[in-house]
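Worksheet for the structure shown next.
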Protein chains: 2
Amino acid sequence: MDKLGDNLKLEKQPTAEKAAKVLEEGINKKYACIISANCTARYSGRAESFLDLGDRIIFIKPDTTVLIHQTSGSQPVNWMPNNTVHNVSVKKDKLVLSSARISPPEKLEVEMDQVHFVNIMEMEDREKIQTQGSEKHMAEMIYKNPSLISKDFKPVSMEEQTKYGFIDVFGHDGKGVLTIVECKRYSADLGAVTQLRRYVERIKKDKGLKKVNGVIAAPKISSNAKKMLEDWGFKFKMVEPPKHFEEKKKKQSILSNF
Amino acid sequence: MDKLGDNLKLEKQPTAEKAAKVLEEGINKKYACIISANCTARYSGRAESFLDLGDRIIFIKPDTTVLIHQTSGSQPVNWMPNNTVHNVSVKKDKLVLSSARISPPEKLEVEMDQVHFVNIMEMEDREKIQTQGSEKHMAEMIYKNPSLISKDFKPVSMEEQTKYGFIDVFGHDGKGVLTIVECKRYSADLGAVTQLRRYVERIKKDKGLKKVNGVIAAPKISSNAKKMLEDWGFKFKMVEPPKHFEEKKKKQSILSNF
DNA sequence: GGGGAGAGATGCCGC
DNA sequence: GCGGCATTTCTCCCC
């Protein structure tokens with residue numbers, strides 16, 4: 001049995017008036033609303049944009065977020081975050097969705113020449129995703145297994161705060177020289193090196209030190225970043241982010257179940 | 001008339017077998033597929049994640065992109081980019097969508113306890129969004145109106161390439177001292193300052209110069225970034241990104257049509 | 001709300 | 001493909 005059955009409405013090729021009525025109900029009741037339509041979209045706020053006629057999926061979430069998706073790509077072509085106010089109207093036989101936010105001031109207007117379907121439904125979801133393998137997990141792994149950095153590395157703290165930023169792992173080497181470790185879960189780039197440099201300089205200044213070690217821990221590093229790293233006397237240590245749920249698979253085995 | 005009418009199927013509360021059949025058809029024909037279901041999701045690849053039972057919207061695009069959305073937030077809770085291979089099956093009365101990519105090796109498995117609806121349809125969209133107000137537009141505006149930076153600024157080039165990055169606007173002041181301008185379309189942060197610093201140092205080294213001007217052009221700058229900027233002898237110039245489609249509206253007037 | 005930084009970031013462009 | 005970087009980035013966390 002589907003307990004949400006009563007709170008689910010599907011309208012195939014509705015008139016603009018019928019679509020407007022269903023959509024208004026969905027927005028008012030904080031249902032998920034999905035529309036397929038041939039439409040234009042105009043955005044004005046943090047930037048300005050216009051998208052001419054084409055078939056798109058329009059998705060209004062219970063939290064007022066709205067997403068407009070084209071036929072390709074992971075990212076919506078237009079969107080509004082939550083805290084958006086929606087207004088539905090019919091102008092010249094077209095269904096118009098006007099969405100606006102106060103801060104920052106921005107608005108999105110979707111004009112639908114043809115609605116292929118409208119669909120509203122109640123959704124219930126209290127779960128939060130559990131993820132492993134983030135940069136924070138890398139820092140924790142290094143904190144617990146300092147030999148991943150070097151034989152004599154002694155970690156002291158994680159997420160150390162400075163005015164110039166947060167330090168992933170902080171400690172010292174066998175000679176007592178302070179060591180700052182910056183973790184990157186993928187390839188370290190120039191930004192990672194300047195970030196590390198900023199922390200090292202800040203600590204040197206704050207504590208009046210002449211020498212502070214800087215280490216980038218990542219699975220790999222770009223060529224220019226490596227050069228800049230060496231210019232500044234820092235070190236690179238190859239470290240893979242931890243994955244607990246499953247062992248990393250070879251390319252071949254990933255498609256094995258097909 | 002809706003010419004896509006024939007290529008649109010809506011199934012309300014289908015059995016797992018029926019849902020599988022429709023979904024397979026949609027995937028094979030490269031239609032847009034939208035499913036509402038009570039499901040779990042398990043991801044393994046660049047990281048690892050698990051999401052327990054809840055109602056979600058699953059959207060498979062014609063380009064094989066798949067997005068899973070919860071009831072709130074702009075971002076999908078799970079997703080796969082294009083170049084994904086999808087496999088549909090029924091296991092213990094549950095509809096299972098297995099999606100895998102080769103590079104990087106990653107897979108997503110969605111197990112649906114209950115399918116609220118499945119919906120497949122053809123979509124046609126050849127339009128590309130037109131946007132104004134990007135950082136590149138800011139650079140062009142400054143290049144054409146150098147007085148936005150200072151009375152004596154003479155721009156020479158845009159998108160100047162160095163090994164350590166791309167310089168937004170490059171020129172010199174009235175005394176012939178080289179000037180590097182870094183544009184930010186929103187608040188400039190510490191990263192923007194280190195980015196500018198990287199370019200200035202690189203140019204100094206490459207050309208054997210003692211002094212090179214550094215300017216950040218942005219609508220605003222964070223307090224710490226301003227301090228770091230001044231420490232390095234750089235300058236901040238308030239510049240708004242250009243918006244051509246509409247004049248920027250006051251907060252009050254944004255909601256005027258409601 | 002500002003500030004700082006990560007993200008399974010994605011997307012774009014250049015080499 | 002890698003590299004460098006912007007994004008209406010979004011999201012989280014801390015002050």
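Just so it is clear: chains get the letters A, B, ... in the order the sequence lines come, proteins before strands, and each one is counted from 1. This structure is a prediction, so every number in the text was calculated from the model and none was measured.
Here Y186(B) does not reach the OP1 or OP2 of dG3(C): none of its side-chain N or O atoms lies under 4.0 Å away. Within the structure, a side-chain polar atom (N or O) of W79(A) is placed less than 4.0 Å from OP1 or OP2 of dC10(D). For the OP1/OP2 pair of dG4(C) and a distance below 4.0 Å, the side-chain nitrogens and oxygens of Q195(A) include no atom meeting the criterion. Between dA5(C) and R185(A), no contact under 4.0 Å exists linking OP1 or OP2 to a side-chain N or O. Between R46(B) and the phosphate of dT10(C), there is a side-chain N or O to OP1/OP2 separation shorter than 4.0 Å. In this structure, S222(B) reaches the dG4(C) phosphate: one of its side-chain N or O atoms is under 4.0 Å from OP1 or OP2.
Across the interface with DNA chain D, nearest-nucleotide mapping of S223(A) and A47(A) shows S223(A) to be the residue nearer the 5′ end.
At a cut-off of 3.5 Å, with distance as the only test, no side-chain donor of N224(A) or S222(A) sits close to an acceptor on the other residue. Remark: the S98(A) side chain and the N87(A) side chain contain no N/O donor-acceptor pair separated by less than 3.5 Å.
Comparing the P positions of dG8(C) and dC5(D) gives a spacing of 23 Å, expressed to the nearest Å. Taking atom P in both dG4(C) and dT8(D), one finds a spacing of 22 Å when rounded to whole Å.
Residues passing the side-chain hydrogen bond (donor to acceptor under 3.5 Å, both in side chains) test with K61(A) are H69(B), sequence neighbours excluded. Under the rule for a salt bridge (Lys or Arg N to Asp or Glu O under 4.0 Å), the partners of D125(A) that lie at least two apart in sequence or sit in another chain are R56(B). Residues passing the ring-ring contact (aromatic ring centres under 6.0 Å, His included) test with F234(B), sequence neighbours excluded: none. Residues meeting the side-chain hydrogen bond (donor to acceptor under 3.5 Å, both in side chains) test with K136(A), sequence neighbours left out: E140(A). With sequence neighbours excluded, the residues that form a side chain to side chain contact (heavy atoms under 4.5 Å, CB included) with T40(A) are F50(A), D52(A), L53(A), E111(A). Under the side-chain hydrogen bond (donor to acceptor under 3.5 Å, both in side chains) criterion, T194(B) pairs with no residue at all, not counting sequence neighbours. Contacts of K226(B) classified as side-chain hydrogen bond (donor to acceptor under 3.5 Å, both in side chains), with partners at least two apart in sequence or in another chain: E230(B).
Among the protein residues, K184(A) comes within range of the sugar-phosphate backbone only, with heavy atoms under 4.0 Å from sugar or phosphate atoms but none that close to a base.
Considering only side-chain atoms of T131(A), the nucleotide from dG8(C), dG4(C), dC10(D) that sits closest is dG8(C).
Look at CE on M138(A): it is 17 Å from P on dA5(C), rounded to the nearest Å. Taking atom NZ on K220(B) and atom C1' on dG3(C), their separation rounds to 10 Å, with Å as the unit. H137(B) places its NE2 atom 11 Å from the P atom of dT8(D), with the value rounded to the nearest Å.
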Nucleotides 11-15 of chain C: which of its N/O atoms have a protein N/O under 3.5 Å away?
unit_1: dG11(C); atom_1: OP1; unit_2: S74(A); atom_2: N; d: 2.8
unit_1: dG11(C); atom_1: OP1; unit_2: Q75(A); atom_2: N; d: 3.3

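K237(A) has its side chain out of reach of L148(A): every pair of non-hydrogen atoms, C-beta onward, lies at least 4.5 Å apart.
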**OP:** Could you provide the dot-bracket string of DNA chain C, using ( ) for intrastrand pairs, [ ] for crossing pairs and | for bases paired to another strand, with Watson-Crick or G-U pairs below 3.5 Å?
**Re:** |||||||.|||||||

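Judged by distance alone with a 3.5 Å cut-off, no donor-acceptor contact links the side chain of N224(B) to the base of dG4(C).
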